[in-house]
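The shown structure was predicted, so the numbers you read here are calculated from the model rather than taken from an experiment. When a ligand or atom number is given, it counts from 1 through the structure's own listing order. The figures that follow rest on heavy atoms only: side chains count, while hydrogens, waters and symmetry mates do not.
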Amino acid sequence: PSLPAPDVAAVAAVHRTALSQGAPGALTRIDEGPRSYHVATGEADTAAHTPMDTGRRFRVGSVSKTFTTVVLLQLVAEGTIDLDAPANRYLPEPLPDERITVRHLLSHRSGLYDYTNDMFYNTVPGFEAVRNKVFSYQELLDLSTAKPLNNAPGAAYSYSNTNFVALGAIIEQVTGTPVATHYGQRIFTPLRLKNTSYVHPRTTLSGTYARGYLRQDDTTLPLVDSTEQTVSWAQSAGAVISNAKDLNRFFSALLSGKLLPEEQLREMTTMVPVTADGKQSYGLGLRGRTLSCGTTVYGHTGTVQGYYTYAFTTSDGRRSMASLANTSNNGTVNTTLGATLDASFCGTDPA
Ligand SMILES: CC1(C)S[C@@H]2[C@H](NC(=O)CCCC[C@H](NC(=O)C[NH3+])C(=O)[O-])C(=O)N2[C@H]1C(=O)[O-]
């Protein structure tokens, strides 16, 4: 069944609301076959007063988790990794519970504590303390395993960056190759994602990009320019840089079966509800959202200092949308930006 046309006016209204709530700028790009729709609002750089445009690159945060999942599941398809094996079979140093499997990591059911809870408890001091730091995977895993598991492995969904740091460590341990090489060879190059990169631990963005602005916990204080950082606290859990066109191409290719064999795509899109209303779900490195019109879209969200991202596509990959607001530590903006999904896929503003 064909979807109603995107409501571009509603997308623009969502952007205006996000700006009224503190975002310097916002962009949304929708792609459907040869057609693309562009909405850009506000500023990409508040010092230079550079207007936002939909071609600009940005830090995608946890949307990186879906890229990591594609690499991992390609290794599963190649017979290198067994989804239901203990993660400890593939890690250089063991996690504290042998029952944690690779699948638990991909579905946030391992119970591993998320070290960013402590790292960013105080938003700006926490960020300033790590923005130029380079961590090893093991240092991040050690921060997590210093705390008890949130739940017994497999017993519950508990989202944790630690899971995708462990998966990055597994990829590098079993292949002897950095994740950056796998992202490039397996995804960026074949899909011609010319505006997508993994440059950890470099702190700068290349090409044309949106600057990111972190709101302080004391919201009366000015925004902090958080554009330059290593994102070493996240790496395979959050350090990819991309733009809206590339994210749309990535998620369309993924859901239309161009990146994974059928068996692995089926595993990835086997969704488990994670909200009481069942409208939000998680599969393997993939979020599902059932929208106001009943359409379910698949993708991921991202929160990294100065950048909120939504990147989703339809179950057949025919229509994709990527939205960015260049601020963070502002839950109101993050929730508001999510309404671009309904405007883009349901053709209505849910308000
Ligand atoms: C589950 C999430 C929301 S959090 C997770 C990951 N991002 C982080 O873990 C960063 C957390 C701190 C970010 C910071 N917040 C604070 O410092 C608050 N004290 C800010 O807003 O810039 C990502 O991305 N995921 C999002 C996701 O998957 O959507």
Those residues that, when tested against Ser110, pass side chain to side chain donor-acceptor pair (under 3.5 Å) (two or more places apart): Asn163

Just the distances, no angles: every ligand 1 N or O to protein N or O pair closer than 3.5 Å, one line each.
residue  : atom   : partner : partner atom : Å
ligand 1 : 7 (N)  : Thr303  : O            : 2.8
ligand 1 : 9 (O)  : Asn161  : ND2          : 2.8
ligand 1 : 17 (O) : Phe120  : O            : 3.4
ligand 1 : 17 (O) : Thr123  : OG1          : 3.4
ligand 1 : 19 (N) : Phe120  : O            : 2.6
ligand 1 : 19 (N) : Thr123  : OG1          : 2.8
ligand 1 : 21 (O) : Asn329  : N            : 2.7
ligand 1 : 22 (O) : Ser328  : OG           : 2.6
ligand 1 : 24 (O) : Ser62   : N            : 3.0
ligand 1 : 24 (O) : Ser62   : OG           : 2.6
ligand 1 : 24 (O) : Thr303  : N            : 2.7
ligand 1 : 24 (O) : Thr303  : O            : 3.0
ligand 1 : 25 (N) : Ser62   : OG           : 2.8
ligand 1 : 25 (N) : Tyr159  : OH           : 3.2
ligand 1 : 28 (O) : Tyr159  : OH           : 2.9
ligand 1 : 28 (O) : Arg287  : NH2          : 3.0
ligand 1 : 29 (O) : Thr301  : OG1          : 2.5

For Phe250, all residues meeting ring pair (Phe, Tyr, Trp, His ring centres under 6.0 Å), sequence neighbours excluded: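 With sequence neighbours excluded, Phe250 shows a ring pair (Phe, Tyr, Trp, His ring centres under 6.0 Å) to Phe67, given in chain and number order.
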
Sidechain N-carboxylate O distance under 4.0 Å for Arg56, Asp53: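 Judged by the 4.0 Å cut-off on N to carboxylate O distance, Arg56 and Asp53 do form a salt bridge.
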
Linked hydrophobic residues, Tyr113 as query - side chain contacts closer than 4.5 Å: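 When side chains under 4.5 Å apart are linked, Tyr113 ends up in no cluster with other residues.
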
Centroid separation His108 to Phe164 less than 6.0 Å: yes

Whether over 12 other heavy atoms sit under 6.0 Å from Glu78 CD: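 Above 12, so yes.
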
